[in-house]
Q: 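Here's a structure for you.
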Number of protein chains: 2
Amino acid sequence: MRKRRAANLLTEVELEFMTALWALGRGSVRDILDRLPEGRALAYTSGATVMRILDDKGFVESTKEGNVLVYEPVLAKDEYQKRSLENLSKTLFDDTPANLVVRLVDDGGLSDEELEEIRAILNRRLGDHDR
Amino acid sequence: MRKRRAANLLTEVELEFMTALWALGRGSVRDILDRLPEGRALAYTSGATVMRILDDKGFVESTKEGNVLVYEPVLAKDEYQKRSLENLSKTLFDDTPANLVVRLVDDGGLSDEELEEIRAILNRRLGDHDR
DNA sequence: CAATCGTTACTAATTTATTAGTTTGACAAG
DNA sequence: CTTGTCAAACTAATAAATTAGTAACGATTG
């Protein structure tokens, strides 16, 4: 028996595949390969290997349907986003997510609309009725 | 001549070392190893290798001082934070940083104080009239 | 039934990352 | 001057990630 490698974060290629799978909901190796970005040429067998690894690591689960393995995420995209943010916050922002937002806001990559949107979210969250 | 490996993002170990170097401002291999977190035992030569690689990749530069190489960052921590956020946003949040903040805020890992702090930053940035 | 097609399982090759050993050279202590 | 120490440069060993080839197998069809 193989199984159980366990890892916290996805590698680059794994993330590519998970992104396709999250978009699909569920799918076979073929489905997933088809969903990969344009130029991405990869042998079928390579794709199958990546999916097996993701299965080993517990990021997906597979069920045999007819003669095809259909994969689906065990870890939701939301969850993984959260995990990634925690990691980034921990490794690069003193474990203080607010610092991360400061950098984001200060660095001017966001439009006023986006900033407003974020403020709206905060207002909703904080229930700030004084306005 | 070696040099020029070029890479966009730091590996895990490289980030550890850069974090120490950013905190120090500048320092030798010895200085940096001393600044690594408690349990982190690593041979001196391993540390020297990591620093050489960071030099090769252009993340740091070195100057011989006496008989010791003193390293300092070429890439500021701010810049690298920005780069990391861009990467995360691109790979996991549809290239829309606001989504990233939404996840952060929605997932309840932040205290009210932190949320307030972030809102204050936004208000400052947007010019908080109306309140 | 035999050939073939699509798929999984297994194995392997290559590359990159991580850690550390060996060699060499500078220089300070005796 | 010889010896010991320290650091740098080079080399090497191990591990992990990435890509793909080969074998094997079941289903379909000519």
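None of these values were measured; they are calculated from a predicted model. So that the names make sense, note that chain A is the first sequence line, chain B the second, and so on, each numbered from 1.
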Q: Should the pair A:E114-A:R119 be classified as a salt bridge under the 4.0 Å nitrogen-to-oxygen rule?
A: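 No.
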Q: In whole Å, I'd like the distance from the CD atom of B:E14 to the C1' atom of D:dA16.
A: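 Going from B:E14 (CD) to D:dA16 (C1'), I get 15 Å.
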Q: Roughly how many Å is it from CD1 in B:I53 to C1' in C:dT18, rounded to a whole number?
A: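 My rounded result for the distance is 8 Å.
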Q: Nearest whole angstrom, please: distance from the P of C:dT18 to the CG of B:L36.
A: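 Going from B:L36 (CG) to C:dT18 (P), I get 13 Å.
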Q: On DNA chain D, does the nearest nucleotide to B:L69 precede the nearest nucleotide to A:N67 from the 5' side, or the other way round? Give the residue.
A: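 Looking at the nearest nucleotide for each, B:L69 comes out on the 5' side.
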Q: Does atom CD of B:E12 have more than 12 heavy-atom neighbours, drawn from other residues, nucleotides or ligands, at distances under 6.0 Å?
A: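 It does not: B:E12 CD has 12 such atoms or fewer within range.
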Q: Is it the case that C:dA9 (base atoms only) and A:T49 (side chain only) share a donor and an acceptor within less than 3.5 Å, ignoring hydrogens and angles?
A: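 Donor-acceptor pair under 3.5 Å: no.
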Q: Quick check for you: to the nearest 0.5 Å, what is the distance between A:N87 atom CG and A:F93 atom CZ?
A: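 Result: 11.5 Å between the selected atoms.
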Q: Taking the minimum atom-to-atom distance to the side chain of B:T11, which one of D:dA8, C:dA17, D:dA20 wins?
A: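 Nearest to the side-chain atoms of B:T11, counting from C-beta on, is C:dA17.
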Q: Reckon B:R40 has a side-chain N or O less than 4.0 Å from the OP1 or OP2 of C:dT19?
A: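 Answer yes for this pair, as a side-chain N or O of B:R40 is under 4.0 Å from OP1 or OP2.
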Q: Between B:M51 (CE) and D:dA9 (P), how many Å, whole number?
A: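 So the CE-P distance, B:M51 to D:dA9, works out to 12 Å.
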Q: Quick one: is B:S46 getting a side-chain N or O under 4.0 Å of the C:dT19 phosphate, OP1 or OP2?
A: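 So the side chain of B:S46 is outside the cut-off, no N or O lying under 4.0 Å from OP1 or OP2 of C:dT19.
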Q: Write down the atom of B:G58, the atom of B:V74, and the distance for their closest heavy-atom approach.
A: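 Looking at all heavy atoms of both residues, the shortest contact is O-CB, 3.5 Å.
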Q: Send over the distance from A:D31 CG to C:dT7 C1', rounded to a whole Å.
A: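 Rounding to the nearest Å, CG of A:D31 and C1' of C:dT7 are 13 Å apart.
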Q: What nucleotide, of C:dA20, C:dT8, D:dA20, holds the atom closest to the side chain of A:A43?
A: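 Per side-chain heavy atoms of A:A43, the pick is D:dA20.
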Q: With a cut-off of less than 4.0 Å, is there a side-chain N or O of B:R30 near OP1 or OP2 of D:dA7?
A: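 So the side chain of B:R30 is within the cut-off, an N or O lying under 4.0 Å from OP1 or OP2 of D:dA7.
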Q: Is there a side-chain contact between A:E72 and A:V70, using heavy atoms and a 4.5 Å cut-off?
A: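 SC-SC contact between A:E72 and A:V70 ruled out.
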Q: Considering only C:dT19, D:dT22, C:dT22, which nucleotide approaches the side chain of B:T45 most closely?
A: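 Nucleotide nearest to B:T45's side chain: C:dT22.
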Q: Does a side-chain N or O from A:Y44 land closer than 4.0 Å to OP1 or OP2 of C:dT8, or not?
A: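 Checking C:dT8 against A:Y44, a side-chain N or O does come within under 4.0 Å of OP1 or OP2.
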Q: Out of C:dT7, D:dT11, C:dT8, which has the shortest distance to the side chain of B:R52?
A: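 Given the options C:dT7, D:dT11, C:dT8, the side chain of B:R52 is closest to D:dT11.
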Q: Nearest of D:dT18, D:dA8, C:dT19 to any side-chain atom of B:V29?
A: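 Nearest nucleotide to the side chain: D:dA8.
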Q: Can you figure out which of C:dT18, C:dT8, D:dA7 approaches the side chain of B:V68 most closely?
A: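 The listed nucleotide nearest to B:V68's side chain is D:dA7.
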